[in-house]
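Read through the structure below, which is laid out as structure tokens, and then see the notes.
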Number of protein chains: 4
Amino acid sequence: MPAASTRPGEGDPAGPRDRHAILTATLDALGEHGYQRMTVEGVATRAGVHKATLYRWWASKGSLVGWALGAGLPTGPVPDTGNTRDDLVAWLRGTIDNYTSTPAESALPALLSDLASEPGTLEGFRRSFLDARRSHCAATVTRGIARGDIPADVDVGLLMDVLAGTVFYRQLVSGEPLDEGIAERLVDLVLAGTVPRLP
Amino acid sequence: MPAASTRPGEGDPAGPRDRHAILTATLDALGEHGYQRMTVEGVATRAGVHKATLYRWWASKGSLVGWALGAGLPTGPVPDTGNTRDDLVAWLRGTIDNYTSTPAESALPALLSDLASEPGTLEGFRRSFLDARRSHCAATVTRGIARGDIPADVDVGLLMDVLAGTVFYRQLVSGEPLDEGIAERLVDLVLAGTVPRLP
Amino acid sequence: MPAASTRPGEGDPAGPRDRHAILTATLDALGEHGYQRMTVEGVATRAGVHKATLYRWWASKGSLVGWALGAGLPTGPVPDTGNTRDDLVAWLRGTIDNYTSTPAESALPALLSDLASEPGTLEGFRRSFLDARRSHCAATVTRGIARGDIPADVDVGLLMDVLAGTVFYRQLVSGEPLDEGIAERLVDLVLAGTVPRLP
Amino acid sequence: MPAASTRPGEGDPAGPRDRHAILTATLDALGEHGYQRMTVEGVATRAGVHKATLYRWWASKGSLVGWALGAGLPTGPVPDTGNTRDDLVAWLRGTIDNYTSTPAESALPALLSDLASEPGTLEGFRRSFLDARRSHCAATVTRGIARGDIPADVDVGLLMDVLAGTVFYRQLVSGEPLDEGIAERLVDLVLAGTVPRLP
DNA sequence: ATTTAAACGAGACGGTACGTCGCGTCTTTGT
DNA sequence: ACAAAGACGCGACGTACCGTCTCGTTTAAAT
């Protein structure tokens, strides 16, 4: 999620001495105050580092938060239990966690808008987080196809968007609760075509 | 999308003299610069009005944008063609338009984060736009139930979240294209349980 | 001494509400800490004003200090006692005061270098202070010519540079004391050609 | 111009390996950008040396520049032509060169203020440059006294301040041109009491 | 017609945070 | 011992934009 930047250490190698402390402090601040209210100076102080150090390694506030999220959100992997439905449910539960646990909850939407304005930055977040996350799901689906649980020509991308998108939208837009059975019901929809009924 | 505010004219009645010009200018600015980069002063100038006037009637930048969107996005209604599938597809196409046409595209995510931080503000946007939009869909679904096209105990809320959420997520997060057939394929998924195949 | 600037109120008219308090605070800070060590924020606080206000009206720290000096240093006028020598001594004593009283002492040299880097800024200081100061001296000299105390074709500019420059140089460069009789001895030099003797 | 410092090599002996390259680079940078705008890092790069090396040998930017000037400005000696007036004119011409040739022109005033803030530093510059320079002038004056050209009780210090100060002041403050005959006219003033006429 | 109140234009201001710059220090690694 | 490399602390600078405030003026309804 970096700005289109030449900062040397936004990606992986080297980076600042206290890289871990910084990213942790960033996620903490994010969880406490949300994206708009958190301050770069606050993150620096919390990490025991000077603000200038942050700007030496990340191009902007958005960039810093982007990489912190990419480094902080778990991407998987999803266990292979042999049961396609269970695996997908597990994956979706992970997604729900990612979008509802404090740091991401407040940060993701702001980031998407903030960084979408400069071309190429959103790509960074996608590469550093989404791609890994989605490839794990795709692997599960592939296993499901092998087992005959899923048609071979399924549109995996759309399937994932249905699962993750519904959850994302509930969380951020419609505000409907993400209750207990939601993961199962969505997986059943995309897997077996079970029209969702009222619980 | 108003702040929990006592501003007299955020809702409908009265309001500033140039209410229409202001809301239009807001949407224009939104479309051109995005939420973060647009400025209240810029909107005021564009509307031929002084900044103070905006703050007399809306509590904040977010509030202004929220109401502009609420007033600017079409909510429906959806025609009753007698064919449930066609009606839902038409509704979903409207949703896609709302989320991909320039103003909303750049504004929605920022807004959701910006306003979600102060409790109760997101409610305003939901009331002024989402509720109307969703009630139109619900009406279509009800007609579908009457026709026997949809089970009576369908979870309408979840159904709408699947439709709108998938589209929203593609647009903002995964970045996958919203190609031609997407509306039909999603409607077929929630209506007939047709697992989405590659086109 | 302003930057080549379009700030509306650097010169005279209007200006910020607390113009006087600001200029006074600037001179105070200058006297206490010197040019390099004083801070714009400190001036703002002292003046009971916000830093942004200063930058709304002056282009930079140097510009602010320049105008403060221009406004703070007395330029004259010099009384006409009827005695050319006495008048010139009085004028030179004023100059000594200007260059040795606390604010200017620490500020002038820094300013000269700081602002000389951007063409035209030094001009501002000259116009807002030096010109007035020098015209008073020139008037005295003119009266002296009328009285026959000074040759009509005297090089007034050079005469003033000898007087002020010697004082300035002692203060800033050579560090020799500006003792009691110095004004008289310099005036006698340029007026009567009396080679300076040890006191 | 050093800080009251214990740096081993600020004065003469030993010093860094590339002492000459460093001092030259310092003067170059000074001439190009002026004191404020030049950077220590830039000097280091230009000298093919690391910044830390500079700080091992000089206490500060000001100190470095001070010594570079002390080493870079010629102090004399002034030839003894047997003619007091000619000798003094030659000396003053050297002074004019020192204050108008590029490096010193931009550096001196800034330095004086920058270093005057820490007590004792200006002393360094005086010792490393001014004293030598002034002793050459004093020698010339002494010879002039021996020849009977100058009264024995002349105030040599003041005489030098008049000569150098006027030039310094023209260059930095009043901005009047340092035209051709200026050296002669000033020398004639202090030597013969010739009131300066318009050329 | 005149009064009066609401709305508006104008624009300075306080405030928060951002991102930048350059000095001077320090640690690590050679040589 | 000295030097290269380069991250870092630190203090300040100058900028942007938000939202508030005061004051004078227009507009329009009410008397």
Side-chain angles (χ1 to χ4, degrees), chain A residues 3 8-9 14-19 36-44 48-64, chain B residues 3 8-9 14-18 36-42 44-45 48-64, chain C residues 3 8-9 14-19 36-42 44-45 48-64, chain D residues 3 8-9 14-18 36-45 48-64 114:
Chain A
R17 280 211 268 274
D18 307 292
R19 181 165 228 270
Q36 302 285 354
R37 304 245 252 253
M38 68 178 280
T39 98
V40 175
E41 191 115 21
V43 169
V49 149
H50 194 271
K51 182 174 65 155
T53 296
L54 300 187
Y55 282 103
R56 258 189 282 268
W57 295 101
W58 289 274
S60 66
K61 178 182 177 179
S63 178
L64 170 62
Chain B
R17 285 209 267 272
D18 306 292
Q36 302 286 355
R37 304 243 253 250
M38 68 178 278
T39 85
V40 175
E41 192 112 22
T45 302
V49 148
H50 193 270
K51 184 173 66 157
T53 298
L54 300 188
Y55 282 102
R56 250 189 292 272
W57 296 101
W58 289 274
S60 66
K61 177 183 179 178
S63 177
L64 170 63
Chain C
R17 281 209 267 274
D18 307 293
R19 181 167 227 269
Q36 302 285 355
R37 304 245 252 252
M38 68 179 278
T39 95
V40 175
E41 190 114 22
T45 302
V49 148
H50 195 270
K51 181 175 66 157
T53 296
L54 301 187
Y55 282 104
R56 257 189 285 270
W57 295 100
W58 289 274
S60 65
K61 177 182 179 179
S63 178
L64 170 63
Chain D
R17 286 208 263 273
D18 307 290
Q36 301 286 355
R37 302 244 255 250
M38 67 177 279
T39 87
V40 175
E41 192 110 22
V43 170
T45 302
V49 148
H50 192 269
K51 184 172 63 157
T53 298
L54 301 187
Y55 281 102
R56 238 190 301 279
W57 296 100
W58 289 275
S60 66
K61 176 183 178 177
S63 177
L64 171 63
D114 206 51

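No experiment lies behind these values; they were computed from the predicted model shown. Any value given below was found using the heavy atoms of this structure, including those in side chains, with hydrogens, waters and symmetry copies removed. Just so it is clear: chains get the letters A, B, ... in the order the sequence lines come, proteins before strands, and each one is counted from 1.
The CZ-C1' distance, from B/R37 to F/dC18, rounds to 18 Å in whole Å. Between C/K61 atom NZ and F/dG11 atom C1' there is a gap of 11 Å when expressed in whole angstrom units. Spacing between atom CE of D/M38 and atom P of E/dC21 amounts to 18 Å, rounded to whole angstrom units. In this entry the distance linking CG of A/L54 with P of F/dA7 reads 14 Å, nearest Å. Computed from coordinates, the A/Q36 CD to E/dC18 C1' distance equals 13 Å when rounded to whole Å. Distance CD (B/E41) to P (E/dC13): 15 Å, rounded to an integer number of Å. E/dT25 atom P lies 15 Å from atom CH2 of D/W58, rounded to whole Å.
Under the side chain to side chain contact (heavy atoms under 4.5 Å, CB included) test applied with C/P16, the options C/L54, C/T53, C/V49 reduce to a single match, C/T53.
With DNA chain E read from its 5' end, the first of the two nearest nucleotides for A/V40 and D/T39 is the one closest to A/V40. Ranked by how close their nearest DNA chain E nucleotide is to the 5' end, C/D18 and B/V49 are led by B/V49.
Of the candidate nucleotides F/dA3, E/dT16, F/dG19, F/dA3 has the atom lying nearest to any side-chain atom of D/W57. Nearest nucleotide to the C/P16 side chain, out of E/dG9, E/dC13, E/dG24: E/dC13. The A/K51 side chain lies nearest to E/dT20 when the options are E/dT20, F/dG14, F/dG9. Of the listed nucleotides (E/dG24, F/dC18, E/dG14), E/dG24 has the atom at the smallest distance from the side chain of D/Y55. The side chain of D/H50 approaches F/dA4 more closely than any other nucleotide in the set F/dC18, F/dC10, F/dA4.
No contact: B/G42 has no heavy atom under 4.0 Å from any strand.
Here the straight-line distance linking atom OG1 of C/T45 with atom NZ of C/K51 works out to 10.0 Å at 0.5 Å rounding. Distance CD/B/Q36 to NZ/B/K61: 6.0 Å, rounded to 0.5 Å. Once rounded to the nearest 0.5 Å, the distance linking OG of C/S63 with OH of C/Y55 reads 10.0 Å.
When the side-chain nitrogen and oxygen atoms of B/T53 are compared with OP1 and OP2 of E/dA7, none of them lie within a distance under 4.0 Å.
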Polar pairs (N or O, both sides) under 3.5 Å between protein and nucleotides 22-26 of chain F?
none

